[in-house]
Amino acid sequence: MHSLRDVLKKSEETRVAIGHFNISDLVLLKAVFAAGRELELPVLVGLSEGEREFVGTAQIAAYVRSLREEFDFPIFLNADHTHSLAKGIEAAKAGFDSIVFDLSALPFAENIRQTKQAVEALKAINPSMIVEGEIGDIGTGSEIHESAPDLSKGLSTPEEARQFVEATGVDILAPAVGNMHGMLRSMVQGETKKHLDIGRIAAIKQAAHVFLTLHGGSGTDDQDFRKAIAAGINIVHINTELRVAWRRGIENGLAAKPDEVVPFKILPPAVDSVKQVVASRLRLFNGREMAQRA
Ligand SMILES: [Zn+2]
C-alpha cells in the first residue's frame with residue numbers, strides 16, 4: 001500500500017491533483033469512497049475541527065483505516081483547518097495521514113513561529129505525518145455566501161511562500177491565489193465561476209519548491225482548474241459542492257418516499273448525488289475526461 005507521500009510525489013511527476021473531499025457523515029464518506037474505487041483513483045478525505053467534533057476524531061480514523069485495509073485502497077485522512085496544536089496532536093495520535101495547520105489569520109511572523117513549532121511537535125508523534133501550512137486570506141465557511149468578501153489584499157506572494165516554507169519546514173503550502181472558501185449563490189446556480197491567478201501559482205511553485213494545495217475549489221472554472229494543476233497544484237479541496245449535492249440528495253430521497261422511515265432506503269439518492277460530484281471532480285483533476293466521453 002502506498003503512503004500519502006508516495007501519492008503526492010507521483011502527482012508531482014504526472015501533473016495531476018489529488019481530490020480532497022470534506023465529509024461529516026456516512027453519506028459523504030460512502031460517496032467519496034465509491035467514486036474513488038469506481039475510477040481507481042486515490043482520495044483524500046478531510047474533516048475540519050467542526051466536522052471532527054461531530055463525527056469523532058478517533059472514530060473516523062478507525063473507519064477510514066478499516067476501508068483502506070479491507071479494500072486495499074488508497075483512501076487517506078486529513079485533519080483540515082486545525083487551529084491549535086492540541087487539536088493537531090489529537091489527530092496525529094488518532095492516526096490521521098496529514099494535518100492542515102491553519103494560523104493564517106495571525107500576523108505572518110507569528111504564523112511562521114507557531115507553524116514551525118507544530119511541524120516539530122507533530123512529526124515527533126509520527127515522523128511520516130504530512131503537515132500543511134497556510135498563508136494569505138481565502139475567507140472562511142464552506143457554505144453559501146450572499147456576497148463575495150474582498151480578498152484582494154490577502155493574496156500570497158512568491159517571496160512570502162518561499163520564506164514561510166523555508167522557515168517552517170511544512171511539507172505542503174496552501175497559498176491564496178484567487179481561491180475562496182464557500183460559494184456565492186450565483187455559483188451554486190451555475191451562473192458564475194471562480195477564477196484563479198495562474199501566474200501567481202506558477203511563481204509560488206517556482207519560489208517555494210513545495211507541494212501546493214488549493215483550498216475552496218468549489219465553483220471554480222474547469223479550465224482554471226486544469227491550468228492551476230499544470231502550474232503546480234497537487235491537492236484540490238472540494239467541500240461546498242458536496243454539501244449542496246448532499247442537501248439536494250436528502251431532499252430528493254425524502255420526497256421520493258414520503259412514508260418511508262428506514263434510513264438506508266431513504267439515503268441512497270444522497271450518496272449517489274454526492275458521488276456524481278466527486279467522480280466528476282476526480283476525472284477533471286486526474287485528466288480522465290477523455291475516458292468519460294469514450
Ligand atoms: Zn480550506
Side-chain angles (χ1 to χ4, degrees), residues 4 8 17-24 28-29 32 43-55 57 60 76-84 87-88 91 96-106 111 114-115 118 130-145 148-149 151 154-156 161 164 168 170-184 187-188 194-197 200-201 204 210-220 224-225 228-229 232-246 274 277-278 281-282 285:
L4 177 56
L8 271 164
I18 303 164
H20 174 289
F21 304 98
N22 285 75
I23 67 126
S24 47
L28 289 152
L29 178 58
V32 174
V43 286
L44 183 50
V45 168
L47 293 89
S48 66
E49 285 185 0
E51 287 162 338
R52 301 204 291 279
E53 186 72 39
F54 183 71
V55 178
T57 302
I60 192 62
F76 302 102
L77 188 57
N78 174 49
D80 203 11
H81 294 290
T82 302
H83 301 292
S84 71
K87 291 284 181 192
F96 279 56
D97 299 284
S98 59
I99 293 178
V100 171
F101 197 68
D102 180 4
L103 297 184
S104 57
L106 293 181
N111 184 5
Q114 292 192 37
T115 301
I130 290 177
V131 185
E132 176 178 315
E134 315 276 301
I135 56 171
D137 183 10
I138 55 169
T140 57
S142 295
E143 52 205 338
I144 298 166
H145 303 299
L151 301 172
L155 289 169
S156 307
F164 184 86
T168 60
V170 291
D171 303 286
I172 309 178
L173 177 71
V177 290
N179 47 331
M180 178 193 97
H181 281 125
M183 293 171 84
L184 300 179
M187 291 170 181
V188 175
K194 289 180 197 169
H195 288 280
L196 303 168
D197 188 337
R200 191 177 294 270
I201 295 170
I204 287 172
V210 70
F211 297 126
L212 296 179
T213 293
L214 183 79
H215 281 255
S218 291
T220 302
D224 280 31
F225 267 139
I229 293 164
I233 292 290
N234 302 88
I235 298 175
V236 180
H237 281 221
I238 300 287
N239 191 354
T240 314
E241 286 182 8
L242 269 50
R243 290 175 167 183
V244 169
W246 176 91
V274 176
V277 176
V278 174
R281 284 330 198 174
L282 280 175
F285 300 159

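Atoms within each ligand, like the ligands themselves, are counted from 1 in listed order.
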Less than 4.5 Å apart, side chain to side chain, heavy atoms only: is that true for His81 and Thr140? no

Separation between CG (Asp137) and NE2 (His181), nearest 0.5 Å, reads 10.0 Å

When you check the space around the Zn ion (ligand 1), which protein N, O or S atoms turn up under 2.8 Å? His81 NE2, His181 NE2, His215 ND1

Any side-chain heavy atom of Ile201 sitting closer than 4.5 Å to one from Ile233? yes

Which residue is it: Thr82, Leu77, Asn78, Ile130? I am looking for the one with a side-chain contact (heavy atoms from CB on, under 4.5 Å) to Phe96. Leu77

Aromatic plane relationship, His215 with His237 - under 30° parallel, 30 to 60° tilted, over 60° perpendicular: tilted

Dump the intermediate steps for salt bridge (Lys or Arg N to Asp or Glu O under 4.0 Å) on Lys194 and Glu241, then the final yes or no. CA-CA 13 Å; Lys194 289 180 197 169; Glu241 286 182 8; over 6 Å; no

